[in-house]
Amino acid sequence: MPELPEVETTRRGLAPLLEGRRITGVTLRRPDLRWPIPEAIVRQLPGQRIDTVARRAKYLLLHTGAGSALWHLGMSGVMRVLPTTSPVGAHDHVDVGLDDGRVLRFTDPRRFGCLLWQAPGMLHPRLAGLGPEPLSTDFSGATLFTASRGRAASIKTLLMDQAVVVGVGNIYAAEALFEAGIRPTTPAGRLGHQRCERLAKAVKRILGNAIERGGTTLRDFLNADGLPGYFAQELFVYGREGELCKVCGTRLESMRLGQRATTWCPRCQRA
DNA sequence: CATCGGACCTGTTAGC
DNA sequence: TGCTAACAGGTCCGAT
């Protein structure tokens with residue numbers, strides 16, 4: 001379900017409920033999600049205290065003294081803290097029991113999410129190849145410029161490449177490109193310094209704004225309290241195929257780019 | 001190496 | 001109204 005703002009919103013909701021809690025037990029209702037769930041999750045976690053709830057890219061990390069649980073929500077994952085008595089649904093795959101009598105429950109109908117284990121002091125291979133965090137100073141117009149040299153792929157595809165910058169999914173890529181006035185199909189390598197700068201700023205502003213609003217861009221997003229977002233962030237292009245540009249009134253154009261629906265304003269966004 | 005297409009799943013929605 | 005097909009917030013992997 002999430003892009004980075006939704007994952008960060010989930011993290012902020014979970015942290016105060018989980019940090020300092022001791023894990024009383026782990027229940028797996030199936031052996032795998034996207035990948036097999038490592039035995040360490042069941043063997044090592046019980047009895048551990050959750051030190052911190054962190055985020056790297058779209059992964060949530062529950063750090064304990066024995067190691068860290070890495071959680072990815074995939075397309076449809078939701079993590080919530082619920083009363084132990086709350087009824088178990090068809091797609092409630094994992095429960096982590098807490099010493100306050102509640103349970104951290106992972107729900108994921110499509111099972112594109114995953115739950116992995118990272119031993120102390122190790123960096124999980126899935127995290128090793130990730131690019132900079134978009135909201136950090138490690139990501140900038142300059143790093144985007146460098147990363148895009150010699151790349152024939154479209155700038156939208158490049159923006160969604162987690163080795164270039166993490167956390168930018170289909171919605172926010174489209175919106176950032178609109179804000180920066182860049183057509184999604186533009187070959188990444190053709191962008192100059194200035195447009196890279198504008199684009200990096202747009203990414204930061206849009207993601208930051210979505211986080212401030214509680215990651216509410218996705219229509220069926222549920223935060224850590226199980227409450228829906230209020231769909232607050234205004235979308236200029238995503239999901240508006242065939243409609244008129246909110247800025248100039250031109251009819252928006254669409255195509256599939258890298259297997260993903262892509263919409264842009266032919267007037268506001270230049271190649 | 002970069003790039004592309006297919007794959008993984010189920011639920012919802014658009015279209016006939 | 002009911003059925004079917006297309007599509008959905010992600011990312012990995014193998015082939016080219």
- When you get a sec, tell me which of dG5(B), dA8(C), dC12(C) is the closest nucleotide to the side chain of Tyr59(A)?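 The listed nucleotide nearest to Tyr59(A)'s side chain is dC12(C).
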
So, [X] and [Y]: side-chain donor and acceptor under 3.5 Å apart, yes or no?
X	Y	result
Ser154(A)	Thr157(A)	yes
Ser68(A)	His63(A)	yes
Thr262(A)	Lys156(A)	yes

Could you pull out all donor-acceptor pairs under 3.5 Å where a side-chain atom in residues 195-203 of chain A meets a protein atom, sequence neighbours excluded?
unit_1: Arg195(A); atom_1: NH1; unit_2: Ala271(A); atom_2: O; d: 3.4
unit_1: Arg195(A); atom_1: NH2; unit_2: Arg270(A); atom_2: O; d: 2.8
unit_1: Arg198(A); atom_1: NH1; unit_2: Ala180(A); atom_2: O; d: 3.2

- Lys/Arg-Asp/Glu bridge criterion (N-O < 4.0 Å) met for Arg111(A), Asp32(A):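 A salt bridge is absent here (no side-chain N lies under 4.0 Å from a carboxylate O).
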
- Message: One thing to verify: whether Glu3(A) and Lys58(A) come together as a salt bridge, which I'm taking to mean a side-chain N less than 4.0 angstrom from a carboxylate O.
- Response: no

Whole Å only: how far is the [atom1] atom of [X] from the [atom2] atom of [N]?
X	N	atom1	atom2	answer
Leu116(A)	dC12(C)	CG	C1'	12 Å
Gln259(A)	dC4(B)	CD	C1'	7 Å
Glu6(A)	dG10(C)	CD	P	9 Å
Ile171(A)	dG10(C)	CD1	P	7 Å
Leu33(A)	dG10(C)	CG	P	18 Å
Glu241(A)	dA6(C)	CD	P	15 Å
Leu70(A)	dG10(C)	CG	P	19 Å
Arg256(A)	dG10(C)	CZ	C1'	14 Å

- Nucleotide-level pairing of DNA chain C, given in dot-bracket where Watson-Crick and G-U pairs need both distances under 3.5 Å and | marks other strands: .|||||||.|||||||

- Close approaches to DNA chain C from residues 151-165 of chain A, in residue order (heavy atom, under 4.0 Å): Gln162(A)

- Give the C-alpha distance, both sets of side-chain angles, the deciding distance and a yes or no for side chain to side chain contact (heavy atoms under 4.5 Å, CB included) between Leu235(A) and Ile171(A). CA-CA 9 Å; Leu235(A) 297 173; Ile171(A) 295 180; 3.9 Å; yes

- Separation of the P atoms in dA6(C) and dG6(B), to the nearest angstrom: 14 Å

- Roughly how far apart, to the nearest Å, are dT1(C) and dG11(B) at atom P?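 Each nucleotide's P atom is 23 Å from the other's.
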
- Which salt bridge (Lys or Arg N to Asp or Glu O under 4.0 Å) pairs, counting each pair once, include a residue from residues 143-152 of chain A, with sequence neighbours left out?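 Qualifying pairs: Arg151(A)-Asp161(A).
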
- Query: Are Phe106(A) and Trp71(A) close enough that their ring centres sit under 6.0 Å apart?
  - Reply: yes

- Do the rings of Phe145(A) and His193(A) sit parallel, tilted or perpendicular, given the 30° and 60° boundaries? parallel

- Residue pair Trp264(A), Phe178(A): steps toward the ring pair (Phe, Tyr, Trp, His ring centres under 6.0 Å) verdict: CA-CA 7 Å; Trp264(A) 71 92; Phe178(A) 177 82; over 10 Å; no

Donor-acceptor contacts under 3.5 Å from residues 121-138 of chain A side chains, at least two apart:
unit_1: His124(A); atom_1: ND1; unit_2: Arg126(A); atom_2: N; d: 3.0
unit_1: Glu133(A); atom_1: OE1; unit_2: Arg55(A); atom_2: NH1; d: 2.9
unit_1: Glu133(A); atom_1: OE1; unit_2: Arg55(A); atom_2: NH2; d: 3.2
unit_1: Glu133(A); atom_1: OE2; unit_2: Arg56(A); atom_2: NH1; d: 2.9
unit_1: Glu133(A); atom_1: OE2; unit_2: Ala57(A); atom_2: N; d: 2.7
unit_1: Ser136(A); atom_1: OG; unit_2: Glu133(A); atom_2: O; d: 2.9
unit_1: Ser136(A); atom_1: OG; unit_2: Asp138(A); atom_2: N; d: 3.1

- Message: Within the 4.0 Å heavy-atom criterion, would you say Arg260(A) contacts the bases, only the backbone, or no part of the nucleic acid?
- Response: base

- Query: Base, backbone or nothing for each nucleotide of nucleotides 9-16 of chain B, written B, S, -, heavy atoms under 4.0 angstrom, 5' to 3'?
  - Reply: BBS-----

